[in-house]
Amino acid sequence: MEMGARRAPRDAEDKLLLAVARGDTTALRELYRAFERPLYTLGVRWLHDAQLAEELVQEVTVRIWRRAGTFDPARGAAGSWIFGMARNVASDLARSRTRQPIPVPEIAEDSEPWDQDAAWQGWQVTRAMRRLPIEQQQILELAYVHRYTQSEIASTLRIPLGTVKTRLYKALKTLRVSFEEMGIVEGAIT
């Protein structure tokens, strides 16, 4: 493959998504076939529920149909756009699941008190994560929450392994600076 040439699968997926934006239902079916299994697999990992994972696949498909006109290949690959959408759908589904009444556990008298410092620190870490570009957030989540290898991340997001490594490095470097500013970690970046 020549330097600077785009991979054929990405180009094909971009073209399919652009065709969906023009109302091509055949292109939507092809995208569905290409992304159904990876979306379902991620749904199960993210939501820990096969039924919700199926719902995620269906909702992402509907959103692709409705929002395909917002896709811009100059801003990224179709796969990244679709998986970013899937992440949002998974968050929505997880929130809707937690809105159901949850039984309140009884607190034993000898249990440890709530650690406000740890809660505050957790909130700061979450805030720092949300400031990262969505592409870096996705890779961090796949790597550290879902324990994907860098190769698995590249395959799932359909991006080159080098891109995964670069985004992960930049994200960790940015987080380290943020954490140093917050006093969570000490020391200089090497």
Side-chain angles (χ1 to χ4, degrees), residues 6-7 9-10 13-14 17 31 34-49 52-53 55-64 66-68 70-99 118-185 187 189-190:
R6 288 173 53 166
R7 294 183 312 121
R10 174 187 165 184
E13 290 163 359
D14 290 358
L17 193 49
L31 271 178
F35 285 93
E36 175 190 18
R37 179 47 99 197
L39 287 171
Y40 177 79
T41 302
L42 280 176
V44 169
R45 286 186 182 177
W46 287 342
L47 300 164
H48 308 288
D49 184 314
L52 284 177
E55 199 172 325
L56 175 130
V57 173
Q58 295 305 314
E59 181 59 27
V60 168
T61 304
V62 170
R63 288 188 188 186
I64 289 170
R66 290 182 181 157
R67 299 179 183 170
T70 65
F71 171 67
D72 179 5
R75 296 186 70 205
S80 296
W81 186 82
I82 290 169
F83 284 110
M85 187 181 302
R87 186 175 172 274
N88 293 334
V89 170
S91 294
D92 294 345
L93 289 171
R95 272 195 301 275
S96 69
R97 179 174 54 183
T98 59
R99 286 190 188 123
W120 174 253
Q121 199 171 55
W123 177 79
Q124 288 179 311
V125 168
T126 301
R127 201 171 101 210
M129 288 274 298
R130 294 299 171 230
R131 283 191 224 134
L132 294 172
I134 190 73
E135 297 85 9
Q136 291 178 8
Q137 290 179 37
Q138 282 179 316
I139 289 175
L140 283 172
E141 183 175 335
L142 290 172
Y144 293 101
V145 175
H146 303 291
R147 306 261 186 226
Y148 278 34
T149 65
Q150 291 178 352
S151 295
E152 290 171 329
I153 294 169
S155 176
T156 300
L157 296 179
R158 298 176 186 224
I159 58 176
L161 180 59
T163 302
V164 171
K165 291 180 179 194
T166 300
R167 288 179 184 171
L168 186 59
Y169 173 78
K170 287 179 179 179
L172 292 173
K173 186 174 181 180
T174 301
L175 285 177
R176 176 131 184 136
V177 169
S178 295
F179 295 163
E180 287 175 0
E181 290 171 359
M182 290 184 243
I184 295 174
V185 296
I189 306 263
T190 55

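Nothing fancy with the numbering, it's 1 onward along the sequence.
- Residues forming a salt bridge (Lys or Arg N to Asp or Glu O under 4.0 Å) with R87 (at least two apart in sequence, or on another chain): E141.
- Residues S178 and R131 come closest through the heavy atom pair OG-NH1, 4.5 Å.
- For the pair K170 and P133, the minimum side-chain heavy-atom distance is 4.5 Å or more.
- Here the straight-line distance linking atom OG1 of T149 with atom CG of L142 works out to 10.0 Å at 0.5 Å rounding.
- Taking E59 as the reference, R63 meet the salt bridge (Lys or Arg N to Asp or Glu O under 4.0 Å) condition, with sequence neighbours excluded.
- Under the 3.5 Å distance criterion, the side-chain polar atoms of E36 are left unmatched by any main-chain donor or acceptor of V57.
- Looking only at side-chain heavy atoms (C-beta outward), W46 and V89 stay at 4.5 Å or farther from each other.
- Considering only heavy atoms from C-beta on, F83 comes within 4.5 Å of L39 through its side chain.
- In this structure, CG on L42 lies 7.5 Å from NE2 on H146, to the nearest 0.5 angstrom.
- Checking L157, T61, I64 one by one against I82, the side-chain contact (heavy atoms from CB on, under 4.5 Å) holds for a single residue, I64.
- The two atoms that bring L56 and A86 nearest to each other are CD1-O, 3.6 Å, heavy atoms only.
- Residue R158 comes nearest to A34 through the heavy atom pair NH2-O, 2.9 Å, listed as atom of the first residue, atom of the second, then distance.
- Here the straight-line distance linking atom CG of L175 with atom CG of L132 works out to 4.5 Å at 0.5 Å rounding.
- The backbone N or O of G162 lies less than 3.5 Å from a partner atom in the side chain of T166, making a donor-acceptor pair.
- Tested against L140 for a side-chain contact (heavy atoms from CB on, under 4.5 Å), the candidates E135, M129, R167 yield a single pass: M129.
- Atom CG of D72 is separated from atom CG of D14 by 10.0 Å, given to the nearest 0.5 angstrom.
- Taking the six-membered ring where the residue is Trp, F71 and W81 present perpendicular rings, their angle passing 60° and hence far from 30°.
- The line from CG of L52 to CG of D92 is 12.0 Å long, rounded to the nearest 0.5 Å.
- Considering all non-hydrogen atoms of both residues, S80 and I159 come closest at OG-CG2, 3.9 Å.
- For the atom pair OG1 of T70 and CE of M85, the computed distance is 6.0 Å after rounding to the nearest 0.5 Å.
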